[in-house]
Amino acid sequence: MASPYHWSQRPDRPGGAMTVSEPIEKMTEAEAAQELERLAGLLAQANLAYHTQDAPEISDAEYDALKQRNAEIEAQFPHLKRADSPSEQVGARPGEGFSKVSHAVRMMSLGNAFDDEDVTDFDRSIRKYLGLDTDAPLAYTAEPKIDGLSLSLRYEQGVLVQAATRGDGEVGENVTANARTIADIPARIEGAPEVLEVRGEVYMSHADFAALNTRQEAEGGKLFANPRNAAAGSLRQLDAAITRARPLRFFAYSWGELSEPLAETQMHAIERLASLGFQTNPLTRRCDDLEAMIAHYRDIEAQRATLGYDIDGVVYKLDDLSLQARLGFRSTTPRWAIAHKFPAELAWTRLEAIDIQVGRTGALSPVARLTPVTVGGVVVSNATLHNEDYIAGRDSRGQEIRDGKDIRVGDWVQVYRAGDVIPKIADVDLSKRPEDAQPFDFPTQCPECGSPAIREEGDAVRRCTGGVICPAQAVEKLKHFVSRAAFDIEGLGAKQVEQFHADGWIREPADIFELRSRYGEGLQQLKNREGWGEKSATNLFQAIDDKRRIPLARLIFALGIRHVGEVGAKDLALHYRDWDAMAAALDTARPAALAHRAADTAEEQERQQAQAEGRRARISDTRAAVISAQEVPPEAAAAWADLIGVDGIGATLGLSLSDAFANTDERAAFDRLTAHLTVIPPDAPARDSPVAGKTVVFTGSLEKMTRAEAKARAEALGAKVAGSVSKKTDLLVAGPGAGSKLKTAQSLGIETLDEDGWLTLIEGL
DNA sequence: CAGCCTCGAGTTCC
DNA sequence: CTCGAGGCTG
């Protein structure tokens with residue numbers, strides 16, 4: 001299984017299959033057939049229970065696990081697949097859509113270059129990373145970036161076994177049945193590696209798009225805004241027969257897991273894919289230098305209108321695959337590839353009004369209301385205006401944007417879609433500005449609650465200070481609480497939350513868990529409300545009950561504490577492992593947190609004073625004096641150090657957390673909430689790994705894995721990953737370029753390994 | 001202390 | 001998707 005090639009050796013996702021489960025290899029044929037029969041029965045029963053609106057007999061997770069197991073056995077014994085196979089019954093559960101597929105190798109996105117200089121920077125940083133001179137030869141491939149949707153096709157023994165959309169890169173949707181209907185996607189290939197994941201783009205040609213819309217119009221169906229939407233809509237049909245009738249095409253340009261390498265260079269790998277029977281883009285070229293890349297970009301740009309399909313730029317990739325492997329990946333993008341985007345399409349329209357929205361942190365965000373206009377195939381009527389500086393014509397550093405032109409209601413403005421998605425304002429036509437147009441007066445009071453809206457020194461945003469008083473903040477916080485990554489309560493989305501809040505039924509998260517006892521009596525009250533019937537009420541109460549057991553990380557994230565996002569919440573959960581332990585630690589640390597803030601304030605004063613007096617600021621002395629004056633108990637200092645010692649958690653986040661838990665109103669709300677919940681601790685780490693319970697620090701650059709991967713892997717093995725070396729550190733993993741941490745570790749006599757040593761240590765786990 | 005990288009927060013339209 | 005800002009490295 002262990003393949004020597006980088007693209008199948010991402011350490012955090014061991015194993016080859018796209019789905020995770022027990023191996024089924026030892027099963028005999030008879031056992032497999034029996035198991036398939038059992039699974040078909042169970043799943044059919046579960047579907048029936050679901051459809052007849054009885055309480056579902058099994059949870060979604062259990063249902064998914066059964067389906068997964070069924071699919072795996074079928075993959076192992078394809079000839080045993082039943083006529084009534086559950087895997088063929090797409091979308092058996094309504095609203096569920098496609099089943100989920102984890103990618104064996106993450107599907108990355110690409111970094112962007114918007115001008116020639118960005119491309120030069122890209123080349124320079126690669127050379128720097130590889131230690132190459134500016135004039136050393138370095139070849140790249142350049143190809144059009146197709147504007148469609150990416151798809152990963154898994155072939156085993158030359159047979160197409162699975163097709164998955166990109167999703168979030170980790171987990172996509174299983175669209176195998178639909179992919180099989182696309183003519184450009186071969187069902188079988190000859191002479192391929194045993195395992196081959198081909199990646200590429202599904203798209204629709206201009207001609208096919210026009211014909212499809214004509215047909216849709218004739219049949220009274222809905223029209224698609226552009227070829228990409230048409231392609232996406234067609235691929236994501238639950239009924240594969242509809243997909244079959246849609247003229248989709250596919251270009252292959254990359255690969256995921258491989259049992260053996262395709263070639264030694266990108267260009268040869270693409271040629272190999274072509275020889276296996278895939279369509280590859282005819283404008284793919286190997287370029288020997290930057291000039292050739294840019295020239296090919298211009299050439300493709302010139303042909304753009306006559307290609308017959310949409311493209312939105314040119315992708316450059318380092319040609320040498322062994323160099324690609326050396327460069328590796330950042331968190332979401334490879335270091336060895338970049339997309340050189342074409343200039344965005346622009347459109348002029350009139351700015352009718354500027355509205356102010358209030359977010360969950362109290363941020364006042366201005367939104368432009370526009371006379372609707374078509375930009376890049378989509379009608380746009382709103383655009384973000386970011387913050388008050390942006391409207392005034394400045395960026396965060398006070399630099400002019402739009403030549404310093406401000407934006408006024410009544411102006412003619414030029415709109416584009418940043419990254420082809422978010423509408424923004426590029427320019428203002430001063431010659432068409434109405435004479436009575438006034439500069440926008442940014443509110444200094446919250447438009448929702450009237451509290452003062454304050455802009456902190458050095459901050460770009462103005463925030464409502466109303467806190468719990470502000471209804472807008474309360475609603476946004478509640479929406480965050482029920483959002484996907486937080487409590488994810490089915491049937492309780494943004495709309496419902498707004499309605500419940502307006503009615504005064506839900507004011508804070510705990511109220512959600514008291515809905516049934518307070519308003520569910522006989523369901524009468526709920527039934528009387530618009531859009532609510534008995535069934536939806538029962539379902540809602542069930543969905544709420546399902547979430548009374550909640551993982552600690554989700555709970556922490558759901559609280560909506562400023563600076564604590566999904567990742568931070570996970571880090572905190574792994575560190576404290578228990579809600580009460582975390583709350584107690586924060587209480588203990590409080591005096592140290594306050595001392596830290598006092599020291600920050602003193603530091604700022606000292607800076608200003610020093611500047612006024614023309615001397616150097618004595619930062620560390622000032623801080624030390626303040627902290628000792630605060631007489632912080634040693635256990636508080638220890639608890640604070642423990643908190644901000646967690647990798648990824650610093651003083652800002654620590655203070656924000658500390659404030660939330662020390663605020664009596666917020667704390668009372670937390671306590672009311674947790675009284676309704678059973679908090680699930682993070683998964684217990686593997687017991688018998690050599691690093692279980694050890695504190696590990698990574699330093700220097702890691703070449704075979706990203707930091708995030710290294711961290712995730714270490715944590716999965718039961719290690720604690722810290723950000724800095726202390727006497728609590730058990731092991732330091734030092735890559736090339738390690739500096740002060742390595743020295744500290746050596747002086748403390750801490751065991752030190754290089755990256756290979758670390759990989760050897762955890763090998764096979 | 002500067003420069004990178006990652007994360008958080010806010011945003012639009014389908 | 002983008003911007004700003006927090007956190008880490010060197």
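Letters A, B, ... are given to chains in the order of the sequence lines, protein chains preceding strands, and every chain is numbered from 1. Computation of the quantities below employed the complete heavy-atom set of this structure, encompassing side-chain atoms and omitting hydrogens, waters and symmetry-equivalent molecules.
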Scan side-chain atoms only and decide if [X] and [Y] contain a donor-acceptor pair under the 3.5 Å cut-off.
| X | Y | result |
| --- | --- | --- |
| A:Thr371 | A:Glu352 | yes |
| A:Asp642 | A:His575 | yes |
| A:His206 | A:Tyr309 | no |
| A:His386 | A:Lys424 | yes |

Phosphate OP1/OP2 of [N] contacted by [X] side-chain N/O (<4.0 Å):
| X | N | value |
| --- | --- | --- |
| A:Thr652 | C:dG7 | yes |
| A:Gln357 | B:dT11 | yes |
| A:Ser365 | B:dT11 | yes |

[atom1] of [X] versus [atom2] of [N]: gap in Å, rounded?
| X | N | atom1 | atom2 | value |
| --- | --- | --- | --- | --- |
| A:Leu370 | B:dT12 | CG | P | 10 Å |
| A:Leu657 | B:dG8 | CG | P | 12 Å |
| A:Lys424 | B:dT12 | NZ | P | 12 Å |
| A:Arg463 | C:dA5 | CZ | P | 9 Å |
| A:Arg562 | B:dG10 | CZ | P | 9 Å |
| A:Leu235 | B:dC14 | CG | C1' | 16 Å |
| A:Arg228 | B:dC13 | CZ | P | 15 Å |
| A:Ile649 | C:dC8 | CD1 | P | 9 Å |

Nearest to the side chain of [X], which nucleotide is it out of [options]?
| X | options | value |
| --- | --- | --- |
| A:Ser381 | B:dC13, B:dG10, B:dT12 | B:dC13 |
| A:Val567 | B:dC7, B:dT11, C:dG7 | B:dC7 |
| A:Arg335 | B:dC5, B:dT11, C:dT2 | B:dC5 |
| A:Ala363 | B:dG10, B:dT11, B:dC13 | B:dG10 |
| A:Ile422 | C:dG6, C:dT2, B:dT11 | B:dT11 |
| A:Asn382 | B:dG8, B:dG10, B:dC13 | B:dC13 |
| A:Thr361 | C:dC3, B:dA9, B:dT11 | B:dA9 |
| A:His386 | B:dC13, C:dC3, B:dT11 | C:dC3 |
| A:Asn387 | C:dG4, B:dT12, C:dG7 | C:dG4 |

What contact category does [X] fall into here, base, sugar-phosphate, or nothing, at under 4.0 angstrom with non-hydrogen atoms?
| X | result |
| --- | --- |
| A:Ala651 | sugar-phosphate |
| A:Phe114 | sugar-phosphate |
| A:Val380 | sugar-phosphate |
| A:Gly233 | nothing |

Could you check, using the six-membered ring where one of them is a Trp, whether A:His480 and A:Phe557 have ring centers closer than 6.0 angstrom? yes
Is A:Arg402 close enough and on-axis enough to A:Tyr390, meaning under 6.0 Å and within 45°, for cation-pi? yes
A:Leu364 or A:Asn229, whichever maps to the more 5' nucleotide of DNA chain B: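 The 5'-side residue here is A:Leu364.
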